[in-house]
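Written out below as C-alpha cells is the structure these notes cover.
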Amino acid sequence: MQQDTNLTARLSHIATAAFAWLAMSASAHAGLILTIEEAGIQDSQVTGTKIVENFDEWGEGSFVEDVETEIGTYSVLSGSGNIVPHGQYGGADGEGNYLFTSRGGNQIELVFDQPISYFGFWWSAGDGGNLLDVDTLNNSHHFTTQAIYDAEALSDAHMGNPNTNYLGKNKREPYAFVNLFATDQQSRIESIRFYGSNFESDNHTVVVTPLQQVRGRVVSDVNEPPVAALMAGLLGLLLLRRKK
C-alpha cells in the first residue's frame, strides 16, 4: 500500500510538471492567431499600413522563376505556380487575376522582405486540403484549411462565390478572407508556403509593424502541443491507480 501511495505521489508531481509545461507551450504557441472575416469580405480590414499583392500585373499562365514584389519574393519550391484570370473559383471582387497552386506536389513560398506582424489573403473555392506552413522568428507552424471547415467561424453564408458576376457559383466550397496575426514580436512572420490540393488565393496583404489588433471570427488552433498527449496518459494512469 505504501508503495502504491508513493507511486501515486510521484505521478502526481509529474502530472503537475506536465500541466506547467503544457501551459508554457500553449502560451508560446498562441503567438499566431488564425481568423476569417464575415462572408463577402474580400480584402483586409486591419487598420495598419497595408501592402497588397493582387496579381493583376502578373502575366497569366504558369511560372517557375522567382518573382519579387513589394511584399516579398515568391519562389516555386516544386512544380510550378499559376496565375489564373478571374472566374467562379477565384479572383477577388470578380476581377483581375489570382494565384493558383494545383495538386500534385506544387509548392510556392513567399519570403517577406522583413518579418511582418500580419498576413491576410482571400481564400476562394477552398477545400480542406489547402495547406500553409508559416515560419516565424521563433517557431514553425502548420495550418490546414480543414480547421476552417471544422470551426464554428465558417457559416453557410461563406459557401459559394459572392461576386455579382459569379454569384451562387460553386456553392459546395467556401470563400473567405483569412487573417494571420502575430501576437508578439518574436512571432512575427518570415515566410509562408502554399501547397496542397488546388489552392486559390488573392489579395495577399501584409502589415510590417506594429502588431495588429486581432479581428474576425477566430478559428480553433489545429497545432496541439505534443505534451498534451503525455499529460493525458499521466492523468489516465493516475485515475487508474486511484481506482485500485
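None of these values were measured; they are calculated from a predicted model.
- L137 CG to Q186 CD: the interatomic distance, rounded to the nearest 0.5 Å, is 5.5 Å.
- Panel note: side chain S117, backbone P210; a donor-acceptor pair is recorded below 3.5 Å.
- Looking at T136 and R188, their side chains never come closer than 4.5 Å, going by heavy atoms from C-beta outward.
- Annotation: the span from N170 atom CG to Q88 atom CD amounts to 5.5 Å, rounded to 0.5 Å.
- In this structure, the side chain of D135 does not engage the main chain of I192 through any donor-acceptor pair within 3.5 Å.
- Judged by distance alone, with hydrogens and angles left aside, the side-chain atoms of E200 form no donor-acceptor pair with the main-chain N or O of G126 at under 3.5 Å.
- Between T145 and L131, every side-chain heavy-atom pair lies at or beyond the 4.5 Å cut-off.
- When each of Q107, H204, E109 is paired with F194, the side chain to side chain contact (heavy atoms under 4.5 Å, CB included) condition holds for H204 and for no other.
- A donor-acceptor contact closer than 3.5 angstrom is absent between the side chains of S102 and N198.
- Atom CG of N139 sits about 4.0 Å away from atom NE2 of H141, to the nearest 0.5 Å.
- Across all their heavy atoms, H158 and A39 have their closest contact at NE2-N, 3.3 Å.
- Minimum interatomic distance between E173 and Y149 (heavy atoms only, all atoms of both residues): CA-OH, 4.2 Å.
- Ring geometry for Y175 against W122 counts as tilted: the plane angle lies between 30° and 60°, on a 0 to 90° scale.
- Without hydrogens or angle criteria, N106 side chain to R103 main chain gives a donor-acceptor distance under 3.5 Å.
- Contact between D113 and G72 at its shortest, heavy atoms only, is OD1-CA, 3.6 Å.
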In sequence, state the C-alpha distance, the side-chain angles, and the governing distance for F121 and L99, and then conclude on side-chain contact (heavy atoms from CB on, under 4.5 Å). CA-CA 11 Å; F121 64 95; L99 179 65; over 6 Å; no

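- Look at K50 and D43 and you find no salt bridge, because none of the NZ, NE, NH1 or NH2 atoms lies under 4.0 Å from a carboxylate O.
- Distance check, rounded to the nearest 0.5 Å: OG1 of T183 to CD of Q213 gives 13.0 Å.
- The distance from atom CD of Q212 to atom OG1 of T49, rounded to the nearest 0.5 Å, is 8.5 Å.
- E38 has a carboxylate O that lies under 4.0 Å from a charged side-chain N of R217, or vice versa, which qualifies the two as a salt bridge.
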Working note: F199 + W123, criterion side-chain contact (heavy atoms from CB on, under 4.5 Å); need CA distance, chi angles, decisive distance, verdict. CA-CA 8 Å; F199 199 152; W123 176 54; 3.8 Å; yes

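- Annotation: F55 is in aromatic contact with Y74 [ring centroid separation under 6.0 Å].
- Under the 4.5 Å side-chain contact rule for hydrophobic residues, L32 and I71 share a cluster.
- Between the side chain of D133 and the backbone N or O of R193 there is no donor-acceptor pair closer than 3.5 Å.
- For the pair T73/L110, no side-chain contact is recorded, criterion being any heavy-atom separation below 4.5 Å from C-beta on.
- A ring-centre distance under 6.0 Å is found for F119 and F112.
- Placement of V76 and V111 in two distinct hydrophobic clusters is found when ILVMFWY residues are connected by side-chain heavy-atom separations under 4.5 Å, directly or transitively.
- In this structure, D93 contributes its side chain and E95 its backbone to no donor-acceptor pair below 3.5 Å.
- In this pair, W58 and F63 present their aromatic rings perpendicular. The plane angle is above 60°, beyond the 30 to 60° band.
- Between L132 and V178 there is no side-chain heavy-atom pair separated by less than 4.5 Å.
- The main-chain N or O of N165 is never found under 3.5 Å from a side-chain atom of N163 such that the two would form a donor-acceptor pair.
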Give the C-alpha distance, both sets of side-chain angles, the deciding distance and a yes or no for side-chain contact (heavy atoms from CB on, under 4.5 Å) between T35 and V219. CA-CA 5 Å; T35 75; V219 175; 5.6 Å; no

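- Looking at heavy atoms from C-beta onward, M159 lies out of side-chain contact with R172 at the 4.5 angstrom threshold.
- Across every non-hydrogen atom of S124 and G90, the tightest pair is OG-CA, 3.3 Å.
- Under a 3.5 Å cut-off, the side chain of D184 and the backbone N or O of S187 do form a donor-acceptor pair.
- Taking 4.5 Å as the limit, every side-chain heavy atom of T144 sits out of range of all side-chain heavy atoms of N130.
- The heavy-atom pair separating A92 from N203 by the smallest distance is CB-ND2, 3.4 Å.
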Apply side-chain hydrogen bond (donor to acceptor under 3.5 Å, both in side chains) to D66 and S75, showing your working. CA-CA 5 Å; D66 290 359; S75 301; 3.1 Å; yes

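- Cluster annotation: L77 and V67 are assigned to distinct hydrophobic clusters (Ile/Leu/Val/Met/Phe/Trp/Tyr, side-chain heavy-atom contacts under 4.5 Å, transitive).
- Linking ILVMFWY side-chain heavy atoms closer than 4.5 Å, directly or via other members, places I51 and L180 in a single hydrophobic cluster.
- I36 has its side chain within reach of I148: a pair of non-hydrogen atoms, C-beta onward, lies under 4.5 Å apart.
- Of the options V206, T209, L211, T205, a side chain to side chain contact (heavy atoms under 4.5 Å, CB included) to Y118 is made by T205 and by none of the others.
- The structure places CD of E65 at 12.0 Å from OG of S80, a figure rounded to the nearest 0.5 Å.
- The backbone N or O of I83 sits nowhere less than 3.5 Å from a side-chain atom of N97 that would complete a donor-acceptor pair.
- Contact of the V46 side chain with the F181 side chain is registered, since non-hydrogen atoms from C-beta on lie closer than 4.5 Å.
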Using side-chain contact (heavy atoms from CB on, under 4.5 Å), reason through D202 and Q42 one step at a time and then give a plain yes or no. CA-CA 9 Å; D202 200 358; Q42 300 175 51; over 6 Å; no

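- Between F100 and Y98, the two ring planes are perpendicular [angle over 60°; tilted spans 30° to 60°].
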